[in-house]
Amino acid sequence: MAVSTTMQAVPAAEEKIDPKKAFAFLAMVFGMFMAILDIQIVSASLAEIQAGLGASSDEISWVQTSYLIAEVVMIPLSGFLGRLLSTRVLFTVSAAGFTAASVLCATATNIEQMIVYRAIQGFIGGGMIPSVFAAAFTIFPPSKRSIVSPIVGLVATLAPTVGPTIGGYLSHAFSWHWLFLVNVGPGILVAIAAWNLIDFDKGDKSLLAKFDWWGLAGMAAFLGSLEYVLEEGPRNDWFQDSHIVIMTVVLVAGALMFFYRAFTAEEPIVDLSAFRNMNFALGSSFSFIMGVGLYGLTYLYPLYLGSIRGYDALMIGEALFVSGLAMFMTAPLAGFLSTRMDPRLMMMIGFIGFAAGTYLMSGLTADWDFYELLLPQILRGCSMMLCMVPINNLALGTLHPSHIKNASGLFNLMRNLGGAIGLAVINTMLMRRGDLHYAQLSEHLNWGNREAQEMLANLTAKFNAAGMDGANIALMKLSGMVRQQATLMSFIDVFMILTVLFVSLAFFATMMKKPGDVPKDAAGH
């Protein structure tokens, strides 16, 4: 298992878990679960929010975009804030602020208010996610990581997976307001528990005098613009839209400013030195790809069930619950194997299992339902846990404790960016490959195609018999069938690319070093 050189010297007396720390950690884990869940729980019910606020289809997307932009800025910033304020203050303020912002979202009466409140919610709540990863690798002895790491990995992957299920249920059984009000009770309890139980470290107020405001401005411009371009690009045909061009210029300027300050500032807003550790660099790359797989499939499955099968939010949630259940059942096994198996081999098994699940999906047809999706979902859920636990251990477990707060923010940022970039690429592929397949299929549906003529004649006769305009309706029906088949073929293309991507990761896993092979300087000393 991944351990730092310093941590290997922990006396046996310190190997016991302090009950106070354990309860504090569980409260933090629950807070992280709420913050990650809130992305998917809302995305599953955007139509209900749109109807409730009277928003347009273009405006409603900003309910998600504003949250993601704000969160992606806070996640790397949380490392510095944790050292400045202490984990106790940062996490308590994050939990309390997230809860208050949830109340504001539930009381929004127009789309403008909702966008502002969601940005506040995403920014403040984003501080909880890296804090949990950092705590897992600093407050517990290495011997307990077989228990702690699966918990963190489970929450990070389970929350996005079960989001559509919970969101669909809440919006159907109650109203869209409960997508946010559901956070209030648990959020208050988490904030109280965090303030009273967390006592892992002390803040360093002297860092405030060295706060890199230019670095913060560059990071906000870079990551915020990047998230905007990735979210809006597929919808607006990328650089054909003037706003995308402007935000790309801001992105480049922000990136130049951010990286310049990261390497020259006395106390950079984000310390990039953790990337000198080869295990952390590779682990972050794997986390990036895992973000593509995690958020990509969480998007693709509901899209297929909604657009092809005609499922509503609740039915989609029920159909996708299998993946979450598979993750939950595999978490103890992943913890058990992490102490008895080479973590690189464990990752390879997970990557190949994930690829097997996406390969099975390449046989997709318009008739696929719960039972056809069952095995791919089980493979997805089990493999995700088998990947996440060793990736977390190898990437963060070989760093010196003093580096973990900053590194945790970077590690989580990579997963979120992987999800954002993956979704942008997937959306673009679905649209462009769908158009290509539609054009190719249409070429075969000409007046020389006897099967097409017979189908058109049968449809025309059927609709004429019902007293309708048979010729026009038959053409529309045939066009719809071609469009559906083209859409299915574009889904298959994406699943095949994901298969190749994860098979290749299985080979790259061999490049990581086993924990015992990591030299002192690589571990961050």
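One-based numbering along the sequence shown.
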Testing the basics here: between Ala194 and Phe91, what is the closest heavy-atom pair and its distance to 0.1 Å? CB-CD2, 3.8 Å
Which distance, rounded to the nearest 0.5 Å, do you find between the CG of Asn279 and the OG of Ser284? 10.5 Å
If you define the side chain from C-beta out and look only at heavy atoms, does anything of Leu430 sit under 4.5 Å from Leu303? yes
Can you name the nearest heavy-atom pair linking Thr99 to Ile188, along with the distance? OG1-N, 3.9 Å
With a 4.5 Å cut-off on side-chain heavy atoms, are Glu71 and Phe123 touching? no
Would you say the side-chain atoms of Gln113 pair up with the backbone N or O of Thr109, donor to acceptor, closer than 3.5 Å? yes
Counting C-beta onward and ignoring hydrogens, is there a side-chain heavy-atom pair between Met384 and Met290 closer than 4.5 Å? yes
Carefully, step by step, assess Arg118 and Ser66 under the rule side chain to side chain donor-acceptor pair (under 3.5 Å). CA-CA 6 Å; Arg118 282 287 281 171; Ser66 61; 5.4 Å; no
Between Ile36 and Met32, is any pair of side-chain heavy atoms under 4.5 Å apart? yes
Flag, side chain of Thr107 to backbone of Leu104, donor-acceptor distance under 3.5 Å: yes
Say you draw a straight line from CE of Met257 to CG of Leu216; how long is it, rounded to the nearest 0.5 Å? 11.5 Å
Separation between CZ (Phe23) and CD1 (Ile198), nearest 0.5 Å, reads 14.5 Å
Can you label the angle between the Phe280 ring and the Phe411 ring as parallel, tilted or perpendicular, going by 30° and 60°? tilted
Taking all non-hydrogen atoms of both residues, which atom of Gly125 and which atom of Ala35 are closest, and how far apart? O-CB, 3.8 Å
Stepwise side chain to side chain contact (heavy atoms under 4.5 Å, CB included) check, Val494 with Leu300: CA-CA 9 Å; Val494 172; Leu300 283 169; 3.7 Å; yes
Roughly how far apart are Phe354 CZ and Leu294 CG, rounded to 0.5 Å? 7.5 Å
Please check this pair: side chain of Ser287 against backbone of Gly283, looking for a donor-acceptor N/O pair closer than 3.5 Å. no
Output the distance between atom OG1 (Thr358) and atom CG (Leu501), rounded to the nearest 0.5 Å. 9.0 Å
Compare every heavy atom of Met347 with every heavy atom of Pro390, then report the nearest pair and how far apart it is. CG-CG, 3.5 Å
I want to check something: taking the side chain as every heavy atom from C-beta on, are Trp178 and Val184 in contact at a cut-off of under 4.5 Å? no
Hey, what's the ring geometry for Trp176 with Phe180, parallel, tilted or perpendicular (30° and 60° as the breaks)? perpendicular
Can you tell if the side chain of Leu410 reaches within under 4.5 Å of the side chain of Met414, non-hydrogen atoms only? no
Shortest non-hydrogen pair, Pro302 vs Leu297, comes out as CD-O, 3.9 Å
Does the Ser225 side chain pair with the main chain of Phe222, one donor and one acceptor, at a distance under 3.5 Å? no
Just wondering, are more than 12 heavy atoms of other shown residues or ligands nearer than 6.0 Å to OH in Tyr260? no
Measuring from atom CE of Met219 to atom CG of Leu77, what distance do you get when rounded to the nearest 0.5 angstrom? 4.5 Å
Shortest non-hydrogen contact from Val132 toward Val29: CG1-CG2, 3.9 Å
Walk me through it: do Leu90 and Ser131 pass the test side chain to side chain contact (heavy atoms under 4.5 Å, CB included)? CA-CA 8 Å; Leu90 174 62; Ser131 300; 3.7 Å; yes
Main-chain N/O of Ala281 paired with Ser285 side-chain donor or acceptor, under 3.5 Å: yes
Neighbour count >12 (heavy atoms, 6.0 Å) for atom CZ, Phe288: yes
Are any of the side-chain heavy atoms of Asp199 and Arg88 separated by less than 4.5 Å? no
Apply side chain to side chain contact (heavy atoms under 4.5 Å, CB included) to Leu81 and Met74, showing your working. CA-CA 10 Å; Leu81 293 178; Met74 179 51 142; 3.7 Å; yes
Steps toward side chain to side chain contact (heavy atoms under 4.5 Å, CB included) verdict (Tyr301, Arg380): CA-CA 12 Å; Tyr301 278 111; Arg380 170 200 175 195; 3.9 Å; yes
Could you tell me whether Phe351 and Phe286 have their ring centroids closer than 6.0 angstrom? yes
Is the shortest side-chain heavy-atom distance between Asn183 and Val103 below 4.5 Å? no
